[in-house]
Amino acid sequence: MAPAYVPQIALYRQWLEETRRLSFGSFEDMRQWSVRDLDGFWRSIWDYYDLQSPTPFSAVLAERRMPGAVWFPGASVNYARQVFRHVEAAHAAGQPAIVSAGENGKLAETSWPELKRKAAAMALHLRAQGVKPGDRVAAYLPNVPETVVAFLATASIGAIWSVCAPDMAAPAVIDRFKQIEPTVLIACDAVTYAGRRHDRSGVIDELRRSLPTVEHVILHGDAVAGASSSGVLLSDILAMTGAAIDAFEPDWLPFDHPLWIVYSSGTTGLPKPIVHGHGGIIVVALPLLGLHNDIGCSHHQNSLGERYHWYSSTGWIMWNSQVGGLLNGTTCCIFDGSPAGSKDKPDWTTLWRFVAESKSTFFGAGAAFFASCAKAEIDLAAAGDLSHLRCLGSTGSPLSADTQAWFNRRFAALSEINCSTAQSDIWWANISGGTDFAGAFIGGNRELPQTPGAMQCRALGAAVEAFNDQGKPVIDEVGELVCTEPMPSMPLRFWNDTGDARYRASYFETFPDNFDGSGRGPVWRHGDWLKVNPDGSCVIFGRSDATINRHGLRMGTSELYSAIEALPEVLDSLVVDLEYLGRDSYMPLFVVLREGVALDAGMKAKIREAVEAGLSRRFVPDEIFAVAEIPRTLSGKKQELPIKKLLLGQPVDKVINRDAMANPGCLDWYLDFAAMHLKRTAGAA
């Protein structure tokens, strides 16, 4: 009989007791240690995960400041080298590196030796083209194993990786890549999504014309072999073998050597190119995925066969998180395509079938995905054998208590069928973090109690507080989410940001040097409303810059959405609160209704009653409008602030970027509405 599973955080706590003589009365006690003794905590992560460096580091945190903290000076690391440490042991244990599928449902496996060989072949090819450490490699690729290979190859030679998803239009991609001046472009000529094949050869042509620094093009997909004028085929490169490939090892690089460039959403102006380093990403990803998400190494006995799937496109930071599973020797399960299958015949069990067939043990997705599944009343039992699944993860926006409870009931019923004790009270690793630092400030803990709608704890090493208007931490009150101490994965810088001006403006202007008169340095403001409950659990209430402030009571938008979208007739919604000097605020609500449902007086009354019952009469909208779509960013976030600014009279080209929208076609309706609203308010002034 196999020994009982031990949570990853329990193993770490035992290790602290045995090696550091540290013991804690509670998780919060341990977290407080982790943010007060930054040197001790982050050194423990280095040692616990047995990170390697041929050169010693002179300190853990040489300069304790934000921005500009200096971590592990003198250490040499490489993201790809850390991944490939697991090749022999994982392969010997019969564990694949990647399990993948597309919309056709055909599963494929990539072994660890194959992953390393292909990455080595690609790395040597890039080096032969003159790619040097610090050069940028830009990729326009879907969520397939070849993208992971290309990333690891780029990282292994010290070049800097940057990827955009192939559902992005050419102008949006050019806005990002042109800023970083890549020397290599790797691009797909087509992508399949929602049952349809979308040609991307025209986008490739536009990218070539608009990126004059690109000297070498590599094509992935259906391109005709031998078409040298179009570029080299990725498949030809990855098929290469030989002694040099077998002998290849990734370069040792300084701890803060740039690893990748990711981008802010770009809702206003050019997207900010955010640079993260090899060492910082490694040191933060391991405890986040391991200790907080409870994802173990697939070839360790305690977590043998672990398989990690977080649904994402390559344009979302969760793709980076998904690949991060490889750092600890975890099998990564990746799906490329629509989570609802065909556009003509939506099927919200599509991803669940992949979870069943890939034998995923951890399944994460955006909160909107889980809400859509609940709305569709999916039958989990019809998705296949989900008995391996023991964890769920959610991020991207707040997960409502109703949606979480809906799944809890379904999995409890499913556990009686498949005899899974883990599913009788399914554990959720609900996290909140972001592209900004490629991590999570708030996350899960396998050992703590769960409350639907809340996240279990602030993460180890994350000195997160909810600040009131005076810059003081508060408990059981809604405040600004801030981080008061540096973390290793905070950006090294923004690309081409002279004097770190954009970087400082993005995170440190609200609470700058000496903001509270105590002489303390600046504090990271994340831009979310946070409430820390007395028990240490946390609730995110949406973006702090799109807040509702009605009659002196402020609230994030997520609670209102929870009340409205619990109605079966409402598929989606967006609310903005417009505040005026000398006049009452105006709060319109926009709703997407189910087909066949009219926004008549009865439906409006039902929505108002839901808001009053779920929140307060204070938050009943002033007017309700039926719309075809809610404007969203490419990463799926509701565009509350840009719509708010439009309705306040700011010019469209200053507040919203169509190329950064997932559904730019819907914007014209809001522009017409804004024009009518401004005309009406001008007459009332």
Side-chain angles (χ1 to χ4, degrees), residues 143 164-169 171-173 175-176 193-194 198 262-269 271 311-319 337-340 343 346 348 351 365-376 394-400 403 432 434-435 527-528 540-547 556-558 560-562 564-565 570-576 588-594 625-647 652 655-674:
N143 189 16
C164 286
D167 58 350
M168 294 173 66
V173 180
D175 279 349
R176 288 157 172 77
Y193 191 85
H198 304 272
V262 293
Y263 303 90
S264 65
S265 60
T267 51
T268 60
Y311 174 74
S312 178
S313 78
T314 51
W316 189 20
I317 196 63
M318 294 313 297
W319 179 84
S338 166
K343 186 175 183 179
W348 288 98
L351 266 188
F369 167 79
F370 291 108
S372 296
C373 290
K375 288 273 188 183
S394 172
T395 193
S397 58
L399 180 70
S400 74
T403 298
S432 179
T435 301
D528 285 333
I540 294 287
F541 292 92
R543 296 294 294 174
S544 58
D545 47 13
T547 306
T557 52
S558 65
L560 190 138
Y561 295 143
S562 295
I564 296 166
E565 294 173 16
V570 180
L571 296 177
D572 205 358
S573 61
L574 182 140
V575 68
V576 294
L589 169 68
F590 308 97
V591 294
V592 179
L593 300 176
R594 283 191 182 277
F625 302 92
V627 296
E629 291 183 88
I630 297 302
R632 291 182 179 271
T633 66
L634 290 167
S635 59
K637 296 184 185 297
K638 298 183 185 187
Q639 294 194 289
E640 297 164 326
L641 188 59
I643 298 303
K644 178 177 180 177
K645 289 181 176 180
L646 284 179
L647 295 177
V652 61
V655 301
I656 197 163
N657 181 353
R658 289 178 184 266
D659 294 328
M661 294 180 65
N663 49 354
C666 77
L667 184 58
D668 289 340
W669 187 94
Y670 292 88
L671 290 173
D672 291 341
F673 177 83

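Heads up: numbering here begins at 1 and tracks the sequence.
Ser573 has its side chain out of reach of Val592: every pair of non-hydrogen atoms, C-beta onward, lies at least 4.5 Å apart. Put simply, the side chain of Phe625 does not reach to within 4.5 Å of the side chain of Tyr670, judged on heavy atoms. Between Pro588 and Leu647, some side-chain heavy-atom pair lies under the 4.5 Å cut-off. Side-chain atoms of Met661 and Pro631, non-hydrogen and from C-beta on, do get closer than 4.5 Å to each other. Ser313 places none of its side-chain heavy atoms less than 4.5 Å from the side chain of Trp319. Using a 4.5 Å cut-off on side-chain heavy atoms (C-beta onward), Val575 and Tyr561 make contact. Side-chain contact between Val627 and Cys666 is absent, with no heavy atoms from C-beta onward closer than 4.5 Å. Contact check for Leu351 versus Phe369: side-chain heavy atoms found under the 4.5 Å cut-off.
Once rounded to the nearest 0.5 Å, the distance linking CG of Leu646 with CZ of Phe673 reads 11.0 Å. Atom CG of residue Asn663 and atom CD1 of residue Ile630 lie 9.0 Å apart, to the nearest 0.5 angstrom. Taking CG of Leu399 as the reference point, atom CZ of Phe370 lies at 7.5 Å (rounded to 0.5 Å). In this structure, Leu589 CG and Ile564 CD1 are separated by 4.0 Å, a value rounded to the nearest 0.5 Å. To the nearest 0.5 Å, atom CG of residue Leu571 and atom CG of residue Leu593 are 7.5 Å apart. Here Asp167 contributes atom CG and Leu634 contributes atom CG; the two are 6.5 Å apart, rounded to the nearest 0.5 Å.
Remark: side-chain polar atoms of Asp659 are not paired, donor with acceptor, to backbone N or O of Asp175 under 3.5 angstrom.
Counting all heavy atoms, side chain and backbone alike, Ser264 lies closest to Arg176 at O-NH2, 3.9 Å. Across all non-hydrogen atoms, the minimal contact from Tyr263 to Pro271 is CB-CB, 4.1 Å. Scanning both residues, Gly337 and Tyr311, for their nearest heavy atoms gives O-OH, 2.5 Å. Taking all atoms of both residues into account, the shortest heavy-atom contact from Arg658 to Pro664 is NH1-O, 3.5 Å. Residues Ser394 and Gly366 come closest through the heavy atom pair OG-C, 4.4 Å.
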Let's go through Asp572 and Lys375 carefully: what are the C-alpha distance in whole Å and the side-chain angles of both, what is the deciding distance for salt bridge (charged side-chain N to carboxylate O under 4.0 Å, His left out) to 0.1 Å, and is it a yes or a no?
CA-CA 11 Å; Asp572 205 358; Lys375 288 273 188 183; over 6 Å; no
Quick one, Asp528 with Ser432, criterion side chain to side chain contact (heavy atoms under 4.5 Å, CB included). Give me CA distance, side-chain angles, the key distance, then yes/no.
CA-CA 10 Å; Asp528 285 333; Ser432 179; 4.1 Å; yes
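Between the side chains of Gln639 and Thr633, not a single donor N or O lies within less than 3.5 Å of an accepting N or O.
With respect to the salt-bridge test (charged N to carboxylate O, under 4.0 angstrom), the residues Arg594 and Glu565 do not qualify.
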